[in-house]
Amino acid sequence: MRPTVHDIAAAAGVSLATVDRVLNQRPGVRHVTREKVENAIREIGYVRDVAAANLAKGRTYPLVFILPTSDNSFMHGLNDEVQAAIARSSVERTQIRTVEVPAFDPGALVRVLDELGEERPSGVALVATDAPEVRDAVDRLVKDGIPVVTLVSDLTGSQRHHYAGVDNIAAGRTAARLLGRFLGGSKGEVAVLAGSMLVRDHRERLEGFAAVMAAEFPSLSILPVIEGRDDPDMAHMLVADALSKKSGIIGVYSLGAGNRGLIKALKEKAVDRSLTVVAHELTAHTRAALLDGTIDAILNQNAGHEVRSAIRVLKAKADGLSVIEAQERIRLDIFLKDNLP
């Protein structure tokens, strides 16, 4: 049976009130008595339930979520999930606030991270732009004892404590297999739409996609990546231009940004030719496009699970507790029009 505070009191020959003062480092205990209690803790192997102690003391956890400002429907959904967590803050003993930074702007992200180093919250979650200066800023926070979780997009080589997101290389490989099988051995070109290759999730998806395409679907060639910068209008213009100039395009893979612009361009070209399309993130726009046949398959990550996971991990790290990795694993869902939730 796990030792309790009652066992400590009995072993040290002191009252429960004295044990409580020692455990919570409060004054009013003589040095010799404190040593007796600490010796008893070691001898009986008592392990303190930090989470329960914090609950008893009414501790709250000030957390900061750094999110990109962009016209990206998935990021809007992610922000909505953070707002839902804020609404639950009294129950979860958190004080959450969001800070928005321009998308794909490493300098702006570094400035916010450095400011948080002075503020010293209980934890920071961020959608990372994968740049050396951002990695260094995150490492400074970790060195100063502030837990950091990357959200959706990870940060190469950093000392962050946890990544809350899907395996993006596996996601890209899955997209390639779906697209290749849908196309059934046809020969042609595949257009790829990204937000920016500055974010690691898009780079890793492309890496996995390209590996499977080269190994198993050599009749399909990947065109240079179109970067829409999370701007639907720019994505529409660039995709429409590519489709008008490249008659050999038979497939499209969207890495997860600019889907509204992509859908608009695809609908405009639907009268000319049939395209097979795989995209990321289930939103109102991609759901409608899946239902009407504009998109063939959607790979999705659950933004709510990612936000809840980040909060659990940050609280655990703030308390010095371990993380249950299986609980925090983010699942990749595959949706066709036939199995939409």
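Just so it is clear, the values below take in all heavy atoms, side chains as well, and ignore hydrogens, waters and symmetry mates.
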Between E268 and H236, does any side-chain donor sit less than 3.5 Å from a side-chain acceptor?
yes
Between K317 and V323, is the side-chain contact (heavy atoms from CB on, under 4.5 Å) condition met? List the steps.
CA-CA 8 Å; K317 293 301 180 181; V323 172; 3.7 Å; yes
Write down the atom of I44, the atom of P3, and the distance for their closest heavy-atom approach.
O-CG, 3.2 Å
Determine whether a donor-acceptor pair (N or O, by modelled atom type, separation under 3.5 Å) exists between the side chain of H285 and the backbone of N259.
no
Shortest non-hydrogen contact between T129 and P106, atoms and distance:
CG2-CG, 3.9 Å
With distance as the sole test, does D230 use its side chain to make a donor-acceptor pair with the main-chain N or O of A257 at under 3.5 Å?
no
May I ask you to test the F74-V152 pair for a side-chain heavy-atom distance under 4.5 Å?
yes
I'd like to know if the side chain of D105 and the backbone of P68 have a donor-acceptor N/O pair within less than 3.5 Å.
no
Is the side chain of S309 donor-acceptor paired with the backbone N or O of E306 at a distance under 3.5 Å, no angle test?
no
Member of H305, R312, R308 meeting the side chain to side chain donor-acceptor pair (under 3.5 Å) criterion with E328
R312
Could you pull out the closest heavy-atom pair between A310 and A125, with the gap in Å?
CB-CB, 4.3 Å
Would you say CZ of R181 has more than 12 non-hydrogen atoms from neighbouring residues, nucleotides or ligands within 6.0 angstrom?
no
If two hydrophobic side chains count as joined below 4.5 Å and joins carry through other members, does L262 share a cluster with M237?
yes
Could you go through the side-chain contact (heavy atoms from CB on, under 4.5 Å) check for D167 and L332 one step at a time?
CA-CA 8 Å; D167 180 336; L332 180 71; over 6 Å; no
Flag yes if I169 and I334 sit in one hydrophobic cluster, no otherwise; membership is Ile, Leu, Val, Met, Phe, Trp, Tyr, and two members link when side-chain heavy atoms are under 4.5 Å apart.
no
Measure from the side-chain N and O atoms of H76 to the backbone N and O of S70, and report whether any donor-acceptor pair falls under 3.5 Å.
yes
Determine whether a donor-acceptor pair (N or O, by modelled atom type, separation under 3.5 Å) exists between the side chain of N339 and the backbone of L336.
yes
Less than 3.5 Å apart, any donor N or O on the side chain of E281 or N72 sitting next to an acceptor on the other?
no
Do L178 and L220 share a hydrophobic cluster, counting only Ile, Leu, Val, Met, Phe, Trp and Tyr and linking them when any side-chain heavy atoms are less than 4.5 Å apart?
yes
If we ignore hydrogens and angles and just use 3.5 Å, is the side chain of R205 paired with the main-chain N or O of N168 as donor and acceptor?
no
Hey, quick one: are L155 and L116 part of the same hydrophobic cluster, counting side-chain heavy atoms closer than 4.5 Å, chains of contacts allowed?
yes
With sequence neighbours excluded, what pairs up with R177 under the salt bridge (Lys or Arg N to Asp or Glu O under 4.0 Å) test?
E216
Shortest non-hydrogen contact between S73 and R260, atoms and distance:
OG-NE, 3.3 Å
When you compare the side chains of K315 and T94, does any donor N or O come within less than 3.5 Å of an acceptor on the partner?
no
How close do A128 and L109 get, counting heavy atoms only, and between which atoms?
CA-CD2, 4.4 Å
Hey, which of D114, I146, L126 is the one that makes side-chain contact (heavy atoms from CB on, under 4.5 Å) with L141?
I146
Can you tell me if E119 has over 12 outside heavy atoms packed within less than 6.0 Å of its CD?
yes
Check the angle between the aromatic planes of Y253 and H280 and answer parallel, tilted or perpendicular using the 30° and 60° thresholds.
tilted
Between the OG1 atom in T283 and the CD1 atom in I298, the distance rounded to the nearest 0.5 Å is 7.5 Å
Are the side chain of D296 and the backbone of V277 linked by a donor-acceptor contact shorter than 3.5 Å?
yes
Exceeds 12 heavy-atom contacts within 6.0 angstrom, atom NZ of K264:
no
With no hydrogens and no angle check, is any side-chain donor or acceptor of S219 less than 3.5 Å from a backbone partner on S186?
yes
Would you check, one step at a time, whether the test side-chain contact (heavy atoms from CB on, under 4.5 Å) holds for Y61 with L314?
CA-CA 9 Å; Y61 300 79; L314 290 174; over 6 Å; no
Keeping H161 on the side-chain end and V148 on the backbone end, is there a donor-acceptor pair under 3.5 Å?
yes
Hey, any chance V112 and L67 share a hydrophobic cluster, counting ILVMFWY side chains that come within less than 4.5 Å of each other, even indirectly?
no
Which heavy atom of L340 sits nearest to which heavy atom of L291, and what is that distance?
CD1-CD2, 3.6 Å
Under the side chain to side chain contact (heavy atoms under 4.5 Å, CB included) test, residues paired with P341 that sit two or more places apart:
L282, R287, F335
Could you give me the CA-CA distance, side-chain angles and deciding distance for N79 and E100, then say whether side-chain contact (heavy atoms from CB on, under 4.5 Å) is met?
CA-CA 10 Å; N79 200 343; E100 293 190 343; 3.1 Å; yes
Between the side chains of E35 and N39, is a donor N or O closer than 3.5 angstrom to an acceptor N or O?
no
